[in-house]
Amino acid sequence: MIDFEKFELKNGLKVIVHKDTSTPIVAFNMLYNVGARDEDENKTGFAHLFEHLMFGGSINIPNFDEPLQYVGGDNNAFTSNDITNYYITLPKNNIETAFWLESDRMLSLAFTEKSLEVQRQVVIEEFKQTCLNQPYGDVWSLLRPLAYQKHPYKWATIGKEISHIENATLQDVKDFFYTHYLPCNAVLSIAGDVTLDEIKKLAEKWFGDIPSGIKPKRTIDKEPVQNDERRLIIERDVPSNAIFKAYKMCKKNDPDFYATDLLSDILSNGSSSRLYQALVKEKNLFSDIGAYVMGSFDEGLLIVSGHLSENISFEIAENAILEELNKLKNKLISEKELTKVKNKIISSHEFAETSVLNKAMNLAIAELLGDANDVNLENKKYLQVSPDDIYRIANKILTSKNCSTLLYAVKNKN
């Protein structure tokens, strides 16, 4: 159970406070309600570019990291298709440094051609390293547009193509910032040995005068129901053949999410899971195989992927996967097997709650999705999933017409 209190400033900034006296470290988490899904299809990669630009300094503080290092703090960030999240951890006595730094770059980020060019080159290099020069690096650039035809999930967070970042102008960047990086479009979550009154005073002092702006209206093309099996075969210079199967599934705050997540764990959580036991250990068809859900804020994907063992054909490997999936569609799993995966997921949640940063982050995400208190209901929702729920979800989503399959083949060098 994570106890918390929350309030909202006049400019719309939501603030969540969780008191944890077990550690002298405080987590300061600023979550912006903007991700790759909010980009123009012809100007992608901007949310990720901003993750980098926000560390380029503000008008008053040219070096974001230096003041934090002086007070024993650390910071980082990540971007997804749904959110952009910045976090700081530092000793509780120095928490005002986090307020000072984060409020200043929200109010007055430094927009210069030099800063843009520096971060542009960083992002371009990252694109090359992760997508172009790494084995299997372009999987998501291929699988996303196969699975999604209208929704902006059809491009990866890093962007559709390098040219979109290469051609980004300073005005493009400013427009994106002043549309999304607003108090009314953010959630600040703080966890540590702090009091509500203390955080209220600091929040008002450092964020209260920042203009609210106009909360952006999200207009996203809804992905139509998939009624056709989609397949793509490509050849690359990689060490082994691989297969990626993407099944459409519900969004993260849908009641069926918990059963779908457990279904993926039944298939692939640990060495005793079904896919590992049958296809790696017993039949030696794959060197590794896994299944997981994306946890997307809009309708997402359940992924089954694996690297084939040597001399195993795609046909044999894929049929073996389908055979295991069909077992979940044809027969109820036992209460014992379901309880085992429930226990694993609940214990991982409880372990995560030993970290003030995890708690701050999870509270902010839950609040963005509707209610911060949902973090305290998750375990109950997992426990309520029945074998009938697993059977129902398996039959609903694990169908050929709901699947997009990428066959990633070793390039023939002859």
Side-chain angles (χ1 to χ4, degrees), residues 32 34-57 63-65 74-87 109 112-148 152-170 172-173 176-177 232-244 246 287-290 292 294-296 301 303 305-308 404 406-413:
Y32 286 96
V34 57
R37 65 175 172 167
D38 297 297
E39 297 164 349
D40 182 321
E41 186 169 359
N42 299 309
K43 295 179 181 179
T44 64
F46 273 55
H48 177 248
L49 175 63
F50 253 98
E51 178 197 321
H52 290 267
L53 279 170
M54 289 283 272
F55 292 102
N63 188 325
F64 187 88
D65 291 334
D74 197 10
N75 75 100
N76 214 325
F78 65 86
T79 317
S80 75
N81 288 76
D82 299 305
I83 58 173
T84 307
N85 194 68
Y86 300 88
Y87 55 92
L109 191 67
T112 65
E113 291 287 358
K114 180 181 178 182
S115 175
L116 174 58
E117 191 54 37
V118 168
Q119 300 307 328
R120 188 206 314 273
Q121 293 309 316
V122 170
V123 171
I124 289 171
E125 188 58 32
E126 184 179 342
F127 193 109
K128 290 177 179 177
Q129 286 184 358
T130 59
C131 300
L132 304 181
N133 301 330
Q134 181 174 296
Y136 315 102
D138 60 350
V139 163
W140 290 109
S141 299
L142 297 165
L143 191 56
R144 281 189 175 276
L146 188 64
Y148 293 101
Y153 284 164
K154 64 184 175 180
W155 60 82
T157 306
I158 202 163
K160 283 177 70 175
E161 51 188 78
I162 288 179
S163 65
H164 289 181
I165 297 302
E166 288 175 335
N167 298 329
T169 67
L170 197 59
D172 289 334
V173 167
F176 193 83
F177 180 82
L232 175 65
I233 303 174
I234 56 101
E235 287 188 354
R236 295 286 189 270
D237 186 10
V238 290
S240 63
N241 291 335
I243 186 169
F244 300 85
S287 58
D288 62 75
I289 190 166
Y292 53 92
M294 299 294 287
S296 304
L301 299 173
I303 307 292
S305 64
H307 293 87
L308 280 62
S404 301
L406 171 63
L407 301 180
Y408 207 104
V410 175
K411 195 170 189 177
N412 191 337
K413 296 179 180 179

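Keep in mind it's a predicted model, so treat the numbers as computed, not measured.
The backbone N or O of T84 sits nowhere less than 3.5 Å from a side-chain atom of T79 that would complete a donor-acceptor pair. At least one donor-acceptor pair under 3.5 Å links the side chain of W155 to the backbone N or O of A36. At distances below 3.5 Å, at least one donor-acceptor pair connects side-chain atoms of N167 with backbone N or O atoms of S163. Using modelled atom types, no side-chain atom of Q119 and backbone atom of L49 make a donor-acceptor pair closer than 3.5 Å. Listed for the D288 side chain is no donor-acceptor partner under 3.5 Å among the backbone atoms of G306. Listed for the D38 side chain is a donor-acceptor partner under 3.5 Å among the backbone atoms of G35. Between the side chain of E235 and the backbone N or O of V410 there is no donor-acceptor pair closer than 3.5 Å.
For D138, the salt bridge (Lys or Arg N to Asp or Glu O under 4.0 Å) test picks out R236, with sequence neighbours left out. Partners of E117 under the salt bridge (Lys or Arg N to Asp or Glu O under 4.0 Å) rule, at least two apart in sequence or in another chain, are R120.
Between L406 and I243, every side-chain heavy-atom pair lies at or beyond the 4.5 Å cut-off. In this structure, the side chains of N75 and F55 come closer than 4.5 Å at one or more pairs of heavy atoms. At least one side-chain heavy atom of E126 sits under 4.5 Å from a side-chain heavy atom of H52. Residues W140 and T157 are not in side-chain contact: their nearest non-hydrogen atoms beyond the backbone lie 4.5 Å or more apart. At a threshold of 4.5 Å between non-hydrogen side-chain atoms, the residues L53 and F177 do not count as touching. No side-chain heavy atom of E39 sits under 4.5 Å from any side-chain heavy atom of K43.
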Worked check of side chain to side chain contact (heavy atoms under 4.5 Å, CB included) between L142 and L232: CA-CA 8 Å; L142 297 165; L232 175 65; 4.2 Å; yes
Candidate pair E41 and K160, rule side chain to side chain contact (heavy atoms under 4.5 Å, CB included), full reasoning: CA-CA 8 Å; E41 186 169 359; K160 283 177 70 175; 3.2 Å; yes
Worked verdict on Y32 versus M54 for side chain to side chain contact (heavy atoms under 4.5 Å, CB included): CA-CA 12 Å; Y32 286 96; M54 289 283 272; 4.1 Å; yes
Derivation and outcome, side chain to side chain contact (heavy atoms under 4.5 Å, CB included), residues K128 and I162: CA-CA 8 Å; K128 290 177 179 177; I162 288 179; 3.9 Å; yes
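Note that the CD1 atom of I158 and the SG atom of C131 stand 4.5 Å from one another [nearest 0.5 Å]. Taken from CG in D40 to CZ in F176, the straight-line distance is 10.0 Å, to the nearest 0.5 Å. Rounded to the nearest 0.5 angstrom, H164 NE2 and I124 CD1 are separated by 12.5 Å. The line from CD1 of I303 to CZ of F244 is 9.0 Å long, rounded to the nearest 0.5 Å. Distance check, rounded to the nearest 0.5 Å: CG of L116 to OG1 of T169 gives 8.0 Å. In this structure, the separation between CG on L308 and CG on N241 is 5.5 Å, given to the nearest 0.5 Å.
Between G137 and Y408, the closest heavy-atom pair is N-OH, 4.2 Å. Of all heavy-atom pairs between A77 and Y87, the closest is N-CE2, 3.9 Å. Among all heavy-atom pairs drawn from R144 and K154, the shortest one is CB-O, 3.5 Å. Of all heavy-atom pairs between H48 and V123, the closest is ND1-CG1, 3.8 Å. Among all heavy-atom pairs drawn from A409 and V238, the shortest one is O-CG2, 4.1 Å. The shortest heavy-atom contact between S404 and L146 is OG-O, 3.6 Å.
Ring pair H307/Y136: centre-to-centre distance below 6.0 Å.
Under 3.5 Å, the side chains of D82 and Y153 contain a donor-acceptor pair of N or O atoms.
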